[in-house]
Trainee: 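Take a look at this one; I'll ask things after.
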Amino acid sequence: MTAKRFFLEIGTGNDLHGGDYTKAAVRAVEDALHHSSLTLFRSLGIDPNSMQVEATIGVQQPDKVDQAAVKRVFPYGQVAVSVVKGGLDVPDEIGRDPTVIASVAVIVRLDPALLR
């Protein structure tokens, strides 16, 4: 059976100095995870590694995000990370130290058969 979407969480993160897109992306994922507590797994005796996790991250320069580093933030599941153009760069007055803002949507999918 096809996995169904059970959870959606949103997060934002930034790197105030240094223009580090990976740091901002990691912080966005951590923000989303800190808003969530998936007690469903423990309550129903489901292995949390059975969940499919999709993280879509928006930043102005997607090619500057280390997707493997972002993936390591997730404690469980089969994780897929994609990075798209989005987020926001806020330039400083002299143009050398932008603030990078990332946004993320984290979707968790489960096979409904696991809930029986």
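Any value given below was found using the heavy atoms of this structure, including those in side chains, with hydrogens, waters and symmetry copies removed. We count residues from 1, following the sequence as given.
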Trainee: Does Asp97 reach the main-chain N or O of Gly18 with its side chain, forming a donor-acceptor pair under 3.5 Å?
Mentor: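 At least one qualifying donor-acceptor pair exists.
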
Trainee: Is it true that Phe74 and Val59 fall in one hydrophobic cluster, defined by side-chain heavy atoms closer than 4.5 Å?
Mentor: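 Yes, Phe74 and Val59 fall within the same hydrophobic cluster.
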
Trainee: Return the CG to OG distance between Leu110 and Ser50, rounded to the nearest 0.5 Å.
Mentor: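 Result: 5.5 Å between the selected atoms.
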
Trainee: Residues in salt bridge (Lys or Arg N to Asp or Glu O under 4.0 Å) with Glu54, at least two apart?
Mentor: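 Arg109.
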
Trainee: Quick check: is Val65 connected to Leu88 through a chain of hydrophobic side chains (ILVMFWY, heavy atoms under 4.5 Å apart)?
Mentor: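 In one cluster: no.
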
Trainee: With a 4.5 Å heavy-atom cut-off, do Leu33 and Pro75 have their side chains touching?
Mentor: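 When only atoms from C-beta onward are counted, Pro75 and Leu33 do touch, with a gap below 4.5 Å.
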
Trainee: Measuring from atom NZ of Lys85 to atom CD1 of Ile57, what distance do you get when rounded to the nearest 0.5 angstrom?
Mentor: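 The NZ atom of Lys85 sits 15.5 Å away from the CD1 atom of Ile57.
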
Trainee: Does some side-chain heavy atom of Val84 sit less than 4.5 Å from a side-chain heavy atom of Pro62?
Mentor: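 No, too far: nothing below the 4.5 Å cut-off.
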
Trainee: Give the C-alpha distance, both sets of side-chain angles, the deciding distance and a yes or no for side-chain contact (heavy atoms from CB on, under 4.5 Å) between Met51 and Gln78.
Mentor: CA-CA 6 Å; Met51 70 175 142; Gln78 303 158 39; over 6 Å; no

Trainee: Are any side-chain N or O atoms of Asp15 and backbone N or O atoms of Asp20, one a donor and one an acceptor, separated by less than 3.5 Å?
Mentor: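 Checked: pair present.
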
Trainee: So how far is it from Lys64 NZ to Lys23 NZ, rounded to the nearest 0.5 Å?
Mentor: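 Result: 14.5 Å between the selected atoms.
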
Trainee: How close do Val104 and Ala55 get, heavy atom to heavy atom, and via which atoms?
Mentor: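 For Val104 and Ala55, the tightest heavy-atom pair comes out as CG2-CB, 4.2 Å.
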
Trainee: Can you name the residues that form a side-chain hydrogen bond (donor to acceptor under 3.5 Å, both in side chains) with Asp89, not counting sequence neighbours?
Mentor: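 With neighbours one apart ignored, the set is Tyr21.
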
Trainee: Using side-chain heavy atoms (C-beta onward) and a distance below 4.5 Å, is Val53 in contact with Val106?
Mentor: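 Result yes, sub-4.5 Å side-chain heavy-atom pair found.
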
Trainee: Determine whether a donor-acceptor pair (N or O, by modelled atom type, separation under 3.5 Å) exists between the side chain of Thr22 and the backbone of Asp66.
Mentor: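 At least one qualifying donor-acceptor pair exists.
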
Trainee: With sequence neighbours excluded, give me every side-chain hydrogen bond (donor to acceptor under 3.5 Å, both in side chains) pair touching residues 28-43.
Mentor: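 Matches after skipping sequence neighbours: Glu9-Ser36.
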
Trainee: Compare every heavy atom of Ala25 with every heavy atom of Val70, then report the nearest pair and how far apart it is.
Mentor: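 Heavy-atom minimum between the residues: CG2-CB, 3.9 Å.
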
Trainee: Mind checking the CD1-CD1 spacing from Ile107 to Ile10? Nearest 0.5 Å is all I need.
Mentor: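 Here the interatomic distance stands at 8.0 Å.
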
Trainee: Can you confirm whether Phe7 is buried at CZ, in the sense that more than 12 heavy atoms of other residues, nucleotides or ligands lie under 6.0 Å from that atom?
Mentor: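 More than 12 within 6.0 Å, yes.
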
Trainee: Kindly work out whether a path of hydrophobic side-chain contacts (I/L/V/M/F/W/Y, heavy atoms less than 4.5 Å apart) joins Ile101 to Val29.
Mentor: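 No.
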
Trainee: Can Tyr76 be reached from Val79 by stepping across I, L, V, M, F, W or Y side chains whose heavy atoms are under 4.5 Å apart?
Mentor: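 Hydrophobic grouping puts Val79 with Tyr76.
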
